[in-house]
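Values in this document were obtained by computation on a predicted structure and should not be read as measured data. Letters A, B, ... are given to chains in the order of the sequence lines, protein chains preceding strands, and every chain is numbered from 1.
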Amino acid sequence: MRDGNEAAAGAALLSWYDAQARVMPWRVGPADRAAGVRPDPYHVWLSEVMLQQTTVAAVRDYFRRFTARWPGVADLAAAEDGAVMAEWAGLGYYARARNLLKCARAVAAAGGRFPETAEGLRALPGIGPYTAAAVAAIAFDEPAVVVDGNVERVVARLWAVETPMPAAKPALIDRAGRLTPRRRPGDHAQAMMDLGATICTPRNPACALCPVSDFCAAKAQGIAAELPRKTPKPEKPTRFGLAYVAFAPDGGVLLERRPDKGLLGGMLGFPGSDWAETAPAPCPPLAADWTPLSHEVRHTFTHFHLRLRVFVAQTEGEGFTPKSEFSPAALPTVMRKVWDLAEAGALPRRGDAPAPRDI
DNA sequence: AACTCGTGGAC
DNA sequence: TGTCCAAGAGT
């Protein structure tokens, strides 16, 4: 990209965007947009929070379920914590769900309308620089500079920024700002992100299909696929833990709500040991005849691998969750894997078929 | 300023 | 298989 070409590149990008038909349930279609229909700020905010570090494909059904169950921010604000956490189960990064509720309640308490500027939005729980800018641009037409991972990559290539991440961030924000138009900033932001998601991809970018390839310095130098450069990540350690699944005669299950802070905070799970890099000591939640299962649960989090030994027992006790109130879908994925294994292991089985990989 | 925090898909 | 990666925020 050369100085002075920003407007031309931006126009090419927008016309490409207008020709796309990427259907997402939170977007206002081209016809409605042309008729002056604005996106619902609640929908924009909800989708942007769900999309933090999460793919469009993963978000789509969650967004539909949330909006069907809680059509407006006031409905969400009035929801019970457990209901929201259960609806979020499986989507990951559960602090987002806790902050989503805090934010909804703050907005509802302030009259039910979202702040209409990036600065105002930024003060709400769970809304950082990216989300504040995205909501302000898409819902309120503010020419805010929207910078996510896609934009960083697109901009790093357009200007052939070779500084490794994250040191390059300030320079990339500066470039993204030069490219942000005063008209249709929301569409511009979405166009940049769509371009990054579909054409200017991390590996094998489809430069032949790119609407701004003529402006791209990295393409001209033949280094598009190498940018943005980043420093190598440290290897993930493996941690070990124990999980105990107790079944009551009536089908009840022993579950616990995890503390609000930390890993899987606020979510349901099975009692068990801490997860450490050394072998955990047995710590059954109650006295019973615990049977160890032959397979273990494997799961990988952002920064460590986990291997869980699972124990099952048929027993009785206090505090079991009744069968009618338990849904495996309300569990975070690692706990759902424990459940799947325990449920199969608690049944008599022929032979000993190996469990699927990573379970 | 690093570190923590999930998950599923693409290669 | 494992690694990388995604529309980041909070601490």
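Heavy atoms of Met24(A) sit under 4.0 angstrom from at least one base atom. Within the 4.0 angstrom heavy-atom criterion, only backbone atoms of the sugar-phosphate kind lie near Thr131(A); the bases stay farther away. Among the heavy atoms of the strands, none lies under 4.0 Å from Val151(A). Contact annotation for Arg60(A): no contact, since no heavy-atom pair falls under 4.0 Å across all strands. Gly265(A) comes within 4.0 angstrom of no nucleic acid atom, judged by non-hydrogen atoms across all strands. Among the protein residues, Thr54(A) comes within range of the nucleic acid bases, having at least one heavy atom under 4.0 Å from a base atom.
With no hydrogens or angles considered, a side-chain donor-acceptor pair links Thr54(A) and Arg96(A) at under 3.5 Å.
Comparing Leu91(A) and Ala57(A) against DNA chain B, the residue whose closest nucleotide sits nearer the 5' end is Leu91(A). Residues Arg203(A) and Gly92(A) both approach DNA chain B. Their nearest nucleotides, taken by heavy-atom distance, put Gly92(A) toward the 5′ side. In terms of position on DNA chain C, the residue among Pro202(A) and Gly128(A) whose nearest nucleotide sits closer to the 5' end is Pro202(A). Mapping Gly126(A) and Gln190(A) onto DNA chain C by nearest heavy atom places Gln190(A) closer to the 5' end of the strand.
Leu306(A) has its CG atom 14 Å from the P atom of dG2(C), to the nearest Å. Distance OH (Tyr93(A)) to P (dG10(C)): 14 Å, rounded to an integer number of Å. For the pair Asn99(A) CG and dT11(C) C1', the interatomic distance rounds to 12 Å; values are reported in whole Å. Put simply, CZ on Arg96(A) is 13 Å from C1' on dG10(C), counting in whole angstrom units.
Here, dG6(B) and dT11(C) have their P atoms 14 Å apart, quoted to the whole Å.
Taking the ring centroids of Trp88(A) and Phe63(A), they lie at or beyond the 6.0 Å cut-off. A ring-centre distance under 6.0 Å is not found for Phe301(A) and His303(A).
Residue Arg153(A) places at least one side-chain N or O under 4.0 Å from the OP1 or OP2 atom of dA6(C). When the side-chain nitrogen and oxygen atoms of Gln53(A) are compared with OP1 and OP2 of dA6(C), none of them lie within a distance under 4.0 Å.
Between Arg178(A) and Asp3(A) there is a salt bridge, since a side-chain N of the basic residue sits under 4.0 Å from a carboxylate O of the acidic one. Under a 4.0 Å N-O distance rule, the pair Arg38(A)/Asp32(A) does not qualify as a salt bridge.
In the 5' to 3' direction, nucleotides of DNA chain B lying under 4.0 Å from heavy atoms of chain A begin and end at dT4(B) to dA10(B).
For Arg258(A) and Trp275(A), the positive end sits near the middle of the six-membered ring, less than 6.0 Å away and at most 45° from its axis.
In terms of modelled atom types and a separation under 3.5 Å, the side chain of Asn99(A) and the main chain of Ala95(A) share a donor-acceptor contact.
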